[in-house]
Amino acid sequence: GRGMIQIDIDDDGDEDIIIVNQVGKPTVLRNDGGNQNNWIKVAVKHICPLETARSCDSLGARVYVTSSDGYRQMREIGSGVHYMGQNDVQAHFGLANKTQAVSVRVVWRWLNKEVNITDVPINTRLWVIAPT
């Protein structure tokens, strides 16, 4: 293969893999084994400075997810650019067998802004936009 992309192409909460081959069609490895674990996906945006009617992906923002038992994870939003591919810009968090709601904290360091959201249900897709 020439490149690899990690993305949830069927939006079912488990990540899939696409391999970009040098010759021929890409190879799609769908994770269809049945997702027995819980998860949350967070998309982080901000108002584009040059086009204020649009929102932009907040590359570099940090997302913290904390479960009720205190287990904390962090992802930095990035495009994960590879040769001939780019990962999803949403932060994907595996929550294993945790069943209670989580709290989400998003920090935009360059904007000096932060958002805290509590009681976010598991197995959720969350969109967070930086406050103006």
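- A donor and an acceptor atom, one from each side chain of Asn38 and Thr99, are nowhere located under 3.5 Å apart.
- Residues Gln73 and Gly94 come closest through the heavy atom pair NE2-O, 2.9 Å.
- Counting all heavy atoms, side chain and backbone alike, Trp108 lies closest to His46 at NE1-CB, 4.4 Å.
- Ile40 and Met74 fall into different hydrophobic clusters, where Ile, Leu, Val, Met, Phe, Trp and Tyr side chains are chained together by heavy-atom contacts under 4.5 Å.
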| task | Could you give me the CA-CA distance, side-chain angles and deciding distance for Val102 and Thr66, then say whether side-chain contact (heavy atoms from CB on, under 4.5 Å) is met? | result | CA-CA 6 Å; Val102 298; Thr66 307; over 6 Å; no

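- None of Asp14, Asp12, Asp16, Asp10 except one satisfies the side-chain hydrogen bond (donor to acceptor under 3.5 Å, both in side chains) rule with Arg30; the exception is Asp10.
- Contact detail for Pro26 and Ile18: the closest heavy-atom pair is CB-CG2, 4.0 Å.
- Side-chain atoms of Ser58 come within 3.5 Å of backbone atoms of Lys45 as a donor-acceptor pair (strictly under, hydrogens ignored).
- Pairing each heavy atom of Thr52 with each of Ile47, the nearest pair is O-CG2, 3.4 Å.
- Both Leu59 and Val42 are part of a single hydrophobic cluster, where members link through side-chain heavy atoms under 4.5 Å apart.
- Using a 4.5 Å cut-off between side-chain heavy atoms of Ile, Leu, Val, Met, Phe, Trp and Tyr, with links allowed through other members, Ile7 and Val28 fall into the same hydrophobic cluster.
- Salt-bridge check for Arg109 with Glu76: passed, with a basic side-chain N closer than 4.0 Å to an acidic carboxylate O.
- The side-chain contact (heavy atoms from CB on, under 4.5 Å) test with Val65 is passed by exactly one of Val120, Val106, Leu126, Val104: Val104.
- Residue Ile129 is not grouped with residue Val44 when hydrophobic side chains (ILVMFWY) are merged at heavy-atom distances under 4.5 angstrom, including chains of intermediate members.
- Heavy atoms from other residues, nucleotides or ligands lying under 6.0 Å from CG of Asn116 number more than 12.
- A side-chain donor from one of Asn123 and Trp39 sits under 3.5 Å from a side-chain acceptor of the other.
- The two atoms that bring Cys48 and Ser55 nearest to each other are SG-C, 3.5 Å, heavy atoms only.
- Arg62 CZ to Ile77 CD1: the interatomic distance, rounded to the nearest 0.5 Å, is 11.5 Å.
- Minimum heavy-atom separation, Arg75 to Ala91: CB-CB, 3.9 Å.
- Of the possible donor and acceptor atoms, one in the side chain of Asp88 sits under 3.5 Å from a partner among the backbone N and O of Gln90.
- Lys41 contributes atom NZ, which lies 5.5 Å from atom CZ of Arg125 (distance to the nearest 0.5 angstrom).
- One hydrophobic cluster, built from ILVMFWY side chains closer than 4.5 Å, holds both Leu111 and Val115.
- A distance-only check finds a donor-acceptor pair linking the side chain of His92 to the backbone of Gly13 [under 3.5 Å].
- Formation of a donor-acceptor pair under 3.5 Å by the Asp8 side chain with backbone atoms of Asp11 is found in this model.
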| task | Walk me through it: do Asn37 and Leu95 pass the test side-chain contact (heavy atoms from CB on, under 4.5 Å)? | result | CA-CA 7 Å; Asn37 291 316; Leu95 299 174; over 6 Å; no

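- Here Met4 contributes atom CE and Asn21 contributes atom CG; the two are 13.0 Å apart, rounded to the nearest 0.5 Å.
- Within the cation-pi definition used here (under 6.0 Å to the ring centroid, within 45° of the axis), Lys98 qualifies as a partner of Tyr71.
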